[in-house]
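Below: one structure, written as structure tokens.
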Amino acid sequence: MKEKVAVFGKVNVDTLLYIDQLRMGENHLCQQTIVDIGGKGANTAIGLAKLGVDCHLMACVGNDSISQSVLKKLEKYGVDTSFIKPCAAQTGKTFVVVESNGRNTMFHILGANSCLTPEMINWTFLEKCTAIFIQFGVPVETVREIILMSKRNGKYLYIDPAGFADESILELVAYADTVAPNEVELFKMTKETDIEKAAKKLLSAGVEEVVVKLGSKGASLFSEKFSYHADAYNVDVVDTTGAGDAFNAAYIAGKIKKLSLRDNLRLAVAASAISVTRQGTSSSSPTREELIDFLQKFGEKELFEVL
Ligand code: RIB
């Protein structure tokens with residue numbers, strides 16, 4: 001039987017606006033706009049499903065036709081949506097401005113994501129899952145309950161602190177098997193300015209592995225006994241939106257396959273490299289076949305053979 005992964009997090013409708021360069025207070029011409037399913041929860045769940053992982057998304061959406069089409073699309077990707085609850089608020093929305101160098105600036109409306117309470121969670125089902133992904137951006141009491149339940153039941157717990165990283169979440173992040181911030185989030189959580197020092201602070205708080213997403217510089221991993229840096233792949237960057245979520249999905253998929261820490265980090269960096277070459281958020285993450293092709297192209301023989 002396939003191992004099950006529960007994903008808790010935001011589901012959004014993303015509207016992406018592609019422009020040359022963002023200048024506050026000025027008018028801009030958009031070269032293109034795209035509407036895509038977004039939210040770290042949905043993006044990570046879709047990324048996992050594309051890699052063939054049995055993935056169950058636990059989230060809240062609105063109760064209208066837009067929400068219905070979001071659910072249908074998630075199901076089309078192979079994500080189990082049976083634990084997603086409808087609520088009176090509208091499905092979350094994010095407006096993303098993407099500049100020609102791929103950099104993004106986001107504007108969020110939390111909407112239904114704020115409705116996910118602990119009472120809505122199917123705790124019995126959660127006991128059957130091997131791994132749990134959680135982000136912040138859903139109510140913090142819910143995040144706390146899920147984290148504590150995961151630890152009590154010996155689940156693999158992956159936390160992405162994106163967007164909500166500050167010192168106040170350190171106490172919760174400390175329970176993670178893997179915490180995966182970017183550089184800014186790492187520094188905000190730890191009040192440090194050096195990556196290694198900051199990662200060590202998280203390790204001494206109780207985290208098992210700290211994975212720092214460094215964008216065009218790749219990613220670094222720190223654990224008690226091991227540290228490793230994976231360089232980024234040399235690709236043409238079109239849109240960085242969702243790259244961190246493609247990274248999350250590949251890292252969790254690699255954990256399930258029991259890849260070594262080194263291989264797992266390279267795999268996640270490869271998935272995010274594919275994502276940045278494409279427009280969109282959830283639609284830009286790779287399938288298992290695309291990841292294998294990419295690794296073959298870059299001569300990562302050992303990696304594609306284990307996939
Ligand atoms: O990580 C990218 C995501 O962050 C977008 O899809 C957007 O919805 C925001 O939650």
Side-chain angles (χ1 to χ4, degrees), residues 4-17 32-51 53-98 104 106-126 129 132-143 145-146 160 162-164 239 241-242 244-246 248-249 252 275 278-285 287:
K4 299 183 192 318
V5 178
V7 172
F8 288 91
K10 292 197 286 173
V11 177
N12 290 334
V13 175
D14 286 354
T15 303
L16 298 107
L17 308 175
Q32 201 183 346
T33 69
I34 290 183
V35 177
D36 202 357
I37 297 183
K40 293 211 160 291
N43 296 344
T44 303
I46 290 172
L48 281 162
K50 284 183 180 176
L51 296 173
V53 176
D54 183 11
C55 169
H56 307 263
L57 181 55
M58 319 244 167
C60 272
V61 294
N63 205 357
D64 52 12
S65 57
I66 296 175
S67 316
Q68 287 309 314
S69 77
V70 168
L71 293 181
K72 271 201 191 122
K73 278 193 189 146
L74 282 162
E75 282 156 21
K76 228 172 158 183
Y77 278 118
V79 175
D80 172 38
T81 62
S82 53
F83 300 108
I84 299 182
K85 305 286 180 198
C87 78
Q90 283 188 349
T91 297
K93 291 188 179 62
T94 297
F95 296 89
V96 191
V97 176
V98 184
N104 66 62
M106 297 192 203
F107 304 86
H108 304 287
I109 298 168
L110 285 177
N113 295 306
S114 305
C115 301
L116 187 69
T117 59
E119 296 73 48
M120 289 174 167
I121 291 163
N122 185 326
W123 298 103
T124 315
F125 178 79
L126 223 53
C129 296
I132 293 176
F133 165 91
I134 189 150
Q135 66 156 129
F136 291 84
V138 295
V140 74
E141 317 82 74
T142 310
V143 175
E145 294 283 312
I146 293 159
D160 185 333
F164 294 85
D239 179 357
T241 324
D245 307 331
N248 293 338
I252 296 168
S275 162
R278 300 168 173 173
Q279 289 184 323
T281 40
S282 55
S283 56
S284 67
S285 61
T287 61

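- A heavy-atom distance below 4.5 Å is found between the side chains of Ile121 and Leu126.
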*asked:* Is there a side-chain contact (heavy atoms from CB on, under 4.5 Å) between Leu51 and Thr287? Walk through the geometry before answering.
replied: CA-CA 5 Å; Leu51 296 173; Thr287 61; 5.9 Å; no

*Please report the C-alpha distance between Ser285 and Ser275 in whole Å, then the side-chain angles of each, then the deciding distance to 0.1 Å, and finally whether the side chain to side chain donor-acceptor pair (under 3.5 Å) criterion is met.*
CA-CA 5 Å; Ser285 61; Ser275 162; over 6 Å; no

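- Between the side chain of Ser284 and the backbone N or O of Arg278 there is no donor-acceptor pair closer than 3.5 Å.
- If you take CZ on Phe83 and SG on Cys60, they are separated by 14.0 Å, rounding to the nearest 0.5 Å.
- Residues Ala162 and Lys40 approach most closely at CB-CE, 3.0 Å, considering heavy atoms.
- Scanning all heavy atoms of the two residues, the minimum distance from Gly38 to Asn43 falls at CA-OD1, 3.2 Å.
- Listed here is the closest heavy atom pair of Gln135 and Gly41: OE1-N, 3.2 Å.
- Judged as a side-chain hydrogen bond (donor to acceptor under 3.5 Å, both in side chains), and not counting sequence neighbours, the contacts of Thr81 are Glu75.
- The side chain to side chain donor-acceptor pair (under 3.5 Å) test with Thr281 is passed by exactly one of Asp14, Thr241, Asp245, Asn104: Asp14.
- Residues Asn248 and Phe133 are in side-chain contact: their nearest non-hydrogen atoms beyond the backbone lie under 4.5 Å apart.
- Applying the side-chain hydrogen bond (donor to acceptor under 3.5 Å, both in side chains) test to Asn113 and every residue at least two apart in sequence or in another chain returns Asn12.
- Counting heavy atoms from C-beta outward, Glu145 and Trp123 have side chains that approach closer than 4.5 Å.
- Taken to the nearest 0.5 Å, the OG atom of Ser69 stands 11.0 Å off from the NZ atom of Lys76.
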*Please walk me through it: do Met120 and Lys85 pass side-chain contact (heavy atoms from CB on, under 4.5 Å)?*
CA-CA 7 Å; Met120 289 174 167; Lys85 305 286 180 198; 4.1 Å; yes

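- Between Ile252 and Leu48 the shortest side-chain heavy-atom distance falls below 4.5 Å.
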_Run the side-chain contact (heavy atoms from CB on, under 4.5 Å) test on Ile46 and Leu74 for me, step by step, so that the C-alpha distance in whole Å, both residues' side-chain angles and the decisive distance to 0.1 Å come before the verdict._
CA-CA 7 Å; Ile46 290 172; Leu74 282 162; 3.7 Å; yes

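- Dense packing is recorded around CD1 of Ile34, with more than 12 heavy atoms of other residues, nucleotides or ligands lying under 6.0 Å away.
- In this structure, the separation between CG on Leu110 and NZ on Lys10 is 5.5 Å, given to the nearest 0.5 Å.
- Proximity of Leu57 to Val11: side-chain heavy atoms (C-beta onward) are separated by under 4.5 Å at one or more points.
- Scored by the salt bridge (Lys or Arg N to Asp or Glu O under 4.0 Å) test, Lys73 finds no partners at all (sequence neighbours excluded).
- Enclosure of atom CD in Gln90 is not indicated, since only 12 or fewer non-hydrogen atoms of other residues, nucleotides or ligands lie within 6.0 angstrom.
- With sequence neighbours excluded, no residue forms a ring pair (Phe, Tyr, Trp, His ring centres under 6.0 Å) with Tyr77.
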*Run the side-chain contact (heavy atoms from CB on, under 4.5 Å) check on Thr44 and Phe8 step by step: do they pass?*
CA-CA 9 Å; Thr44 303; Phe8 288 91; over 6 Å; no

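- Here OG1 of Thr91 is found 5.5 Å from CG of Asp64. Values are rounded to the nearest 0.5 Å.
- Taking every heavy atom of both residues into account, His56 and Asp80 meet most closely at ND1-OD2, 2.7 Å.
- Contact check for Val98 versus Leu17: no side-chain heavy atoms found under the 4.5 Å cut-off.
- Side-chain contact between Thr33 and Leu16: absent, with no pair of heavy atoms (C-beta onward) separated by less than 4.5 Å.
- Atoms CD1 and CD, on Ile146 and Glu141 in that order, are 10.5 Å from each other to the nearest 0.5 Å.
- For Asp54, the salt bridge (Lys or Arg N to Asp or Glu O under 4.0 Å) partners at least two apart in sequence or on another chain are Lys4.
- Ser282 OG to Asp36 CG: the interatomic distance, rounded to the nearest 0.5 Å, is 4.0 Å.
- Listed by chain and residue number, nothing satisfies the ring pair (Phe, Tyr, Trp, His ring centres under 6.0 Å) test with Phe95 (two or more places apart in sequence, or in another chain).
- Cys55 has its side chain within reach of Val7: a pair of non-hydrogen atoms, C-beta onward, lies under 4.5 Å apart.
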